[in-house]
Amino acid sequence: MANIPDKPTLDGIESHWVAQWDADGTYRFDASVPREQVFSIDTPPPTVSGSLHMGHVFSYTHTDTIARFQRMRGKAVFYPMGWDDNGLPTERRVQNYYGVRCDPSQHYVEGFEPPFRGDPPKNHHAIPVSRPNFLELCDELVELDEQVFEELFKRLGLSVDWSHHYATIDERSRRASQRAFLRNVARDEAYSQEAPTLWDIDFRTAVAQAEMEDRERPGAYHKIPFARTDGPPGESGTIEIDTTRPELLAACVALVAHPDDERYQPHFGTTVTVPLYGQQVEIRAHELAQPDKGTGIAMICTFGDTTDVTWWRELNLPLRAIIGRDGRMLPDAPDDVDADAYASIAGLTVKQAQKAVVEQLDEQGLLIGEPRPVQHPVKFYERGDRPLEIVTSRQWYIRNGGRDPELRAALVARGAEVTWHPGHMQHRYDNWVEGLNGDWLVSRQRFFGVPIPIWYPLDDVGEPRYDEPLIPDEADLPIDPSTDAPAGYSEDQRGQPGGFVGDPDILDTWATSSLTPQIAGGWEEPGDLFERVFPMDMRPQGHDIIRTWLFSTMTRSHHEFGCAPWRHAALSGWILDPDRKKMAKSKGNVVTPMELFEKYGTDAVRYWASSGRPGVDTAYSEDQMKVGRKLANKLLNVTKFVLQFGAPSDDRSLDDGVTDPIDRSMLAKLDAVVVEATEAFEAFDYARALERTEAFFWWFCDNYVELVKGRTYDESRSEAADSAKRALRAALSTVQRLLAPILPFATEEAWSWWHDTSVHGAPWPTPLTADGTFGDPGLADVPIEVLTRVRRAKTEAKRSQRAVVDSLVITAPPEVHAALETGRADLVDAGSIHDLEVLDGAELGVEVTLAADT
RNA sequence: GGGCGCAUAGCUCAGUUGGCUAGAGCGCUUCCCUUACAAGGAAGAUGUCGGGGGUUCGAGUCCCUCUGCGCCCACCA
């Protein structure tokens, strides 16, 4: 047992205890216990290529408090850590760090050495490397990044078992990802299809519904006349449409109005001529057309937006694609479109084409009035800089209920199997699932990621036969179809007629991270870990990724296991600037977590994080950290104070040994706090548990300890002093354990002064005695109220709290006389009172006569 | 347009099935070196519980309604 320091301090305790916990394996998961005794956590893998910010500190602290609580409750806590290094951010980081780029057409080079390690010169041209080589470099870089992250997370005090970690691009993750995908394919839960797809022209990849976002962009309505092919000449023979995308006139395949719109009912079924390009298009009716938008009749182009796709599909319209995957107008005019007119925009970007088309319309008098500027929402890839376009391409999809009401209902029902914290977050999930309008697009036209583990045979003329994919054996996973050949073929048949070709695409990063329970739990890997941890107990995450990570994990678990992947989903809020805006990472003045750990101590930062209620956006507040530091500091000091009295003279039970009713009253109060804090933690409400515990703790220090201090010192009354010592030590032990999940460092430090083992392995406190045995929890409040009034009198007299009270006359109702008599000796000590008299009165009142100033 | 959340002291927030005089911390003011703690302690002031209506013996709490703020989704010619 370590000695109590003369001057307790929080400084430097983090590094000491991090090292000690590492050495002792304090947080090691016991993989031998059965599922019922395990508490398993589906930790969110942070993106390694970024940096950790206060948002991470905030939400990871929440999870850690729950993990620590469950551990103290006796559960074997499975708390792994993952790193998300799959996807665009890592791809960029590896490129910029090593001066290479991923090119799956390259051959693997054994023992490849990158041209640079860190900061290639600006004029360096990235050299192409094969995907396996790129992955090796990624592994290398991720290891560096991970060390930084691990250090910070340890400093934050996360009770993670660091022997269970994964990276979303590592071999085990690739194997799990490919296996899960192939099983989806085998069960027809995944399929490939040629279809219009939202497309980012800069990243040159398809984008899923969940990754889109709206941004307000300026645009302009252009009013354009379409001449009726068989109608009368002149004004009555034209239909006017409003469009914000005149550059798509060449892609126009129909006009559409609402079936009930009387203005256009006579025209349904007739044809008009598209200005400039001359193609004939029919006027059609569809409910999605809005009579109050523009002129009430719209042109349908292939494709200007997602509504065009719906119309195109439901009205069986022809395809006139003009936008290429690079965002430029295709070189050749579509069918029936005037080739000469089209030639003037071929090859232009969308923006350039719009300008050209508007000029041409204007010159030919085909623009009615001036364009009318509007601000309107436009769809973007969340990482993209230019609006999404829609192109037709072959993609892989996983069924998620977007096209199947039955599956959708099943997934909503899965959501109801999970307990949500806070409960209203379930609405967001339901809302998203019910609003889906297509299956989950999982293929991406990028190079870095988990390859789609499929090849296609080539026919006699070298065309892929997509309907007969070549599937690898599960035992061979992970594979890379860009370098591995399918069974029955040799590498020299790649790309040859009669040979094979690998699927060029990779899986969406969510397609892998949707499997974190499987990856972390060792699904289908040797050993029985998975059955001990799955379904997991807890999925902590931000509420902004319910539609992506949470929903996709649910979908994969539903398909593979027919159950929800976890029992509880705990959603964290965001950190807000003090001015209540979402804290922007881009802001230069944002402090780093490490600076705050050093300035206030880790526990203080954790205190701030823990004061944010579950799911509630919380203001960043260094003031709260100061309060947390005070709390941690107080804990050390009160521990020192209590322990200095030494142990009581015998080891009687609390019920026998705590004889003073004042002491018993304090313990009764504490028991109620234990019950409340336990209930709160079981409901994942760390903030409530903290609040209750903290309120008791300050009351305990400021009032109870002050009241009984003198008695505890008093060696002439050993029985009474022993009662206080017993009560103080019992309360201290309980409070240290109640605060351990929130303030792991200060509690461990204070605990170590009188224990040989970690507080984090200690049992979570239970009420010290059966209900009611300690008597009235309010009893101590009566003398404490008197003491407060005495203090007030001294303060008002501008005297020291040490000033002697010559005489204290208390008037009190008869029912509290007993309590006052019980506390009489303590009161006299604590208030330095010479003479104390209690009189009858209707209300509590005190009359304080201070001794003359000396 | 649909859904969800929030509104309590200058600030950040507690206030659970309705129940004594609405609380805490920060900040502010005053006092105090007191042998656990001056990076501390003691004390004080501060409220139309967003507005209106209703249920009730009783409403910050329940119901209706309005206002403001935020988020998610849909629409986006």
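The shown structure was predicted, so the numbers you read here are calculated from the model rather than taken from an experiment. Lettering follows sequence order; numbering is per chain, from 1. FYI, side chains are in, hydrogens and waters are out, and symmetry mates aren't considered; it's all heavy atoms of this structure.
A gap of 37 Å separates the P atoms of B/C63 and B/G44, to the nearest Å. Across B/C6 and B/U55, the matching P atoms stand 26 Å from one another, rounded to whole Å. Distance noted for atom P between B/A42 and B/A36: 14 Å (whole Å). On the C1' atoms, B/U61 is 16 Å away from B/G50, given to the nearest whole Å. The C1' atoms of B/A45 and B/G23 are separated by 16 Å, rounded to the nearest whole Å. Spacing between B/G10 and B/U21 at atom P, rounded to whole Å, works out to 23 Å. When the C1' atom is compared between B/G47 and B/A9, the two are found 5 Å apart, to the nearest whole Å. Using C1' as the reference atom, B/G58 and B/C11 are 33 Å apart when rounded to the nearest Å.
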Tell me which donor-acceptor pairs under 3.5 Å the side chains of residues 694-705 of chain A have, and how far apart each pair is, sequence neighbours excluded?
| from | atom 1 | to | atom 2 | distance (Å) |
| --- | --- | --- | --- | --- |
| A/Glu694 | OE1 | A/Tyr607 | OH | 3.0 |
| A/Glu694 | OE2 | A/Tyr607 | OH | 2.6 |
| A/Tyr704 | OH | A/Asp663 | OD1 | 2.6 |

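Within 4.0 Å (heavy atoms only), A/Arg789 reaches no atom of the nucleic acid at all. A/Asp308 comes within contact range of no nucleotide atom at all, as no heavy-atom separation falls under 4.0 Å. Nucleic acid contact for A/Asp702: sugar-phosphate only, since backbone atoms but no base atoms lie under 4.0 Å from a heavy atom of the residue. A/Leu288 comes within contact range of at least one nucleobase, with a heavy-atom separation under 4.0 Å.
In this structure, the nucleotide among B/C71, B/A36, B/C75 sitting nearest to the side chain of A/Arg428 is B/C71. Minimum atom distance to the side chain of A/Arg613 is reached by B/G15, of the listed B/G5, B/G15, B/A36. The side chain of A/Asn431 lies closest to B/G2, out of B/G41, B/C75, B/G2. Of the candidates B/C72, B/A39, B/C37, B/C37 carries the atom nearest the A/Lys634 side chain, counting heavy atoms from C-beta on. Here the nucleotide nearest the side chain of A/Arg547, chosen from B/C13, B/C73, B/A42, is B/C73. Across B/A14, B/G5, B/C75, the shortest atom-to-atom separation from the side chain of A/His424 is found for B/G5. Comparing B/A43, B/G3, B/G40 against the side chain of A/His427 picks out B/G3 as the nearest.
The one candidate from A/Gln624, A/Lys626, A/Glu622 that meets the side chain to side chain donor-acceptor pair (under 3.5 Å) condition with A/Tyr600 is A/Glu622.
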What's the verdict on side chain to side chain contact (heavy atoms under 4.5 Å, CB included) for A/Ile241 and A/Lys223, showing C-alpha distance, side-chain angles and the deciding distance?
-> CA-CA 6 Å; A/Ile241 63 107; A/Lys223 187 169 285 187; over 6 Å; no
May I have the step-by-step check of salt bridge (charged side-chain N to carboxylate O under 4.0 Å, His left out) for A/Lys379 and A/Asp214, ending in yes or no?
-> CA-CA 5 Å; A/Lys379 290 212 181 305; A/Asp214 288 345; 3.3 Å; yes
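Looking at A/Asp544, its side chain has no donor and acceptor atom pair within 3.5 Å of the base of B/C72.
Remark: C1' of B/G40 and CZ of A/Arg629 are 13 Å apart, rounded to the nearest angstrom.
Look at A/Glu389 and A/Arg245 and you find a salt bridge, because one of the NZ, NE, NH1 or NH2 atoms lies within 4.0 Å of a carboxylate O, short of that distance.
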Taking only nitrogen or oxygen atoms into account, show me every contact under 3.5 Å that the protein makes with nucleotides 26-29 of chain B, one pair per line with its distance.
| from | atom 1 | to | atom 2 | distance (Å) |
| --- | --- | --- | --- | --- |
| B/C26 | OP1 | A/Lys630 | NZ | 2.8 |
| B/C26 | O2' | A/Asp623 | OD2 | 3.1 |

Between protein and nucleic acid, restricted to nucleotides 33-35 of chain B and to nitrogen or oxygen atoms under 3.5 Å apart, what atom pairs and distances do you find?
| from | atom 1 | to | atom 2 | distance (Å) |
| --- | --- | --- | --- | --- |
| B/U34 | OP1 | A/Arg802 | NH1 | 3.1 |
| B/U34 | O5' | A/Arg802 | NH1 | 3.2 |

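Between A/Trp608 and A/Phe58, the ring-plane angle classifies as tilted under the 30° and 60° cut-offs.
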